Amino acid sequence: MIEARRLHILRVVADHRTVTAAAAALYLTPSAVSQQLTALEQETGHRLVERSAKGVRLTPAGEILLSHTHAVLAQLERAEAELAAYGAGSAGTVTLASFATGIGLVVAPALVRLARTAPGIRIRVQDAEGDASLRMVLDRQVDVAVAVEYRGAPDADDPRLTRIPLYAEPFDAVVPVTHRLVGAPEIPLAELAKDPWIGPYPGNPCHDVVVLACEHAGFQPRLEHSSDDFRAVVALASADAGVALVPRFALRGMDLSDVVVRPVDGTAPTRRVFAAVRRGAEEHPLIRPVLDSLTQAAAED
């Protein structure tokens, strides 16, 4: 009999590609993870992983088992949801990870709504970048992620996740008040090719959006200043340190007196935001109200 716990460990190892990284995500020691993999190989009668100096990869038998693992773990999530519903499931804690703008835009309003409609549900929120939150869901560190599309993100039909679209926001150009293009109603990105740029660090999903938008305009942005905090990005632009692209909703509530914000001429780069849970968990009686409240908050914004 194959233990579901070991299937989960196999999937985390496949996701992280090293035993050490998988052990950290699972809060286990590397030796404990290795022991569980060995036990799973004994249960199946097949070698499932191959180790090398570069990490761990699945054997063909491991890939076959992984494809079934997605379905098995999703079905277990559904079973937990049905059992929770059977037991009324009207009170409990849901953990949620979201990037900062998402917290302000949809998570906080969803909490207000839940306090009225489902007072027995307690939400614990963690600030995490849009790419990190998906990994936290898959590693069972949180129940719900508010995440963004990014290069390398799991596909919409990924068998491990269920995704619910929330909103999309364009990026606007932010330039100093002394900039030569402050009088333009819209700013063509190609006109900013020779300017110094301010933007997020590589690895941040918004970094990819900025770089790809500039590449489509025919140039590589000269990123002289880096920050993942858009308030810092705007402050640097206010100091005439460069130009930037910033998600429109992230600009709300900021002091914009020393910068000019303009739409991008043509097709603006866009940040697409969605909620995600482990597949099968979307109907859990504690998680479903949270997803509904997030969707309603996004629709009303």
Side-chain angles (χ1 to χ4, degrees), residues 4-17 21-22 24-27 58 62-82 84-85 93-99 101-103 105-107 110 121 123-168 203-206 208-209 270-298:
R5 179 170 59 94
R6 290 175 181 148
L7 292 178
H8 173 59
I9 290 173
L10 177 71
R11 186 161 80 177
V12 174
V13 169
D15 286 344
H16 288 273
R17 301 183 183 276
L26 293 164
Y27 299 103
L58 299 188
E63 294 287 356
I64 291 171
L65 184 58
L66 181 65
S67 67
H68 290 283
T69 293
H70 298 321
V72 169
L73 294 182
Q75 191 60 41
L76 286 174
E77 293 282 357
R78 295 186 187 98
E80 289 182 6
E82 289 188 22
T93 300
V94 175
T95 52
L96 183 151
S98 172
F99 59 101
T101 304
I103 291 175
L105 196 65
V106 293
V107 175
I121 299 178
I123 308 296
R124 293 176 55 197
V125 179
Q126 299 183 38
D127 188 339
E129 287 300 331
D131 53 340
S133 60
L134 291 179
R135 176 61 53 207
M136 294 168 74
V137 166
L138 290 171
D139 289 345
R140 304 184 72 90
Q141 296 173 4
V142 298
D143 301 308
V144 181
V146 174
V148 298
E149 292 283 4
Y150 61 94
R151 185 160 35 187
D155 294 333
D157 60 353
D158 189 293
R160 301 169 297 173
L161 295 167
T162 294
R163 295 177 16 164
I164 299 93
L166 293 178
Y167 65 90
N204 185 313
C206 290
D208 287 346
V209 174
T270 301
R271 176 160 73 171
R272 303 188 186 280
V273 181
F274 58 91
V277 298
R278 292 180 296 277
R279 182 157 295 191
E282 60 272 13
E283 295 304 327
H284 191 288
L286 296 178
I287 293 175
R288 183 76 260 168
V290 176
L291 296 177
D292 289 343
S293 293
L294 289 170
T295 302
Q296 291 165 4

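Just so we're clear, the structure is a prediction, and the values are computed from it rather than from any experiment.
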For residues Thr95 and Met136, determine if any side-chain heavy atom of one lies less than 4.5 Å from a side-chain heavy atom of the other. no
Value for CG (Leu76) from CZ (Arg5), rounded to nearest 0.5 Å, stands at 13.5 Å
Side-chain contact, heavy-atom cut-off 4.5 Å: Glu77 with Arg279? no
If you take all heavy atoms of Ala25 and His16, which pair is closest and at what distance? CB-NE2, 3.6 Å
Could you measure the distance from the CG atom of Leu291 to the CZ atom of Arg163? Nearest 0.5 Å is fine. 13.5 Å
Would the distance check show the side chain of Asp139 and the main-chain N or O of Gln141 forming a donor-acceptor pair, the cut-off being under 3.5 Å? no
With a sphere of 6.0 Å drawn around CZ of Arg78, does it hold more than 12 non-hydrogen atoms of other residues, nucleotides or ligands? yes
Could you walk me through whether Val137 and Arg160 pass side chain to side chain contact (heavy atoms under 4.5 Å, CB included), step by step? CA-CA 10 Å; Val137 166; Arg160 301 169 297 173; over 6 Å; no
Go through the steps for Leu58 and Leu65 under the test side chain to side chain contact (heavy atoms under 4.5 Å, CB included), then give the verdict. CA-CA 10 Å; Leu58 299 188; Leu65 184 58; over 6 Å; no
How close do Ala297 and Ala110 get, heavy atom to heavy atom, and via which atoms? CB-N, 4.1 Å
Is the closest side-chain heavy-atom distance between Leu26 and His8 below 4.5 Å? yes
4.5 Å side-chain heavy-atom contact, Arg278 and His284: no
Min side-chain heavy-atom separation His68-Leu7 under 4.5 Å: no
Supply the atom-to-atom distance Glu282 CD to Ile287 CD1, rounded to the nearest 0.5 angstrom. 9.0 Å
Where Ser98 and Ile103 come nearest, the two heavy atoms and their spacing: OG-N, 3.4 Å
Less than 4.5 Å apart, any side-chain heavy atom of Phe274 and any of Leu134? yes
May I ask you to decide if Asp157's main-chain N or O and Asp155's side chain share a donor-acceptor pair within less than 3.5 Å? no
Looking only at non-hydrogen atoms, find the nearest pair between Cys206 and Asn204 and report the distance. N-OD1, 2.8 Å
State, to 0.1 Å, how close Leu66 and Ala14 come at their nearest heavy-atom pair, and which atoms those are. CD2-CB, 4.0 Å
Side-chain heavy atoms of Arg135 within contact of Asp15, under 4.5 Å: yes
In the structure I gave you, are the side-chain heavy atoms of Leu294 and Val144 within less than 4.5 Å of one another anywhere? yes
Please test Leu161 against Val277 for side chain to side chain contact (heavy atoms under 4.5 Å, CB included), starting from the C-alpha separation and ending with a verdict. CA-CA 6 Å; Leu161 295 167; Val277 298; over 6 Å; no
Main-chain N/O of Val290 paired with Ser293 side-chain donor or acceptor, under 3.5 Å: no
Using the side chain to side chain contact (heavy atoms under 4.5 Å, CB included) rule, take Glu129 and Tyr150 through it: C-alpha gap first, then chi angles, then the decisive distance, then the call. CA-CA 11 Å; Glu129 287 300 331; Tyr150 61 94; over 6 Å; no
Which one of Leu96, Ile164, Leu105 satisfies the side-chain contact (heavy atoms from CB on, under 4.5 Å) criterion with Val146? Leu96
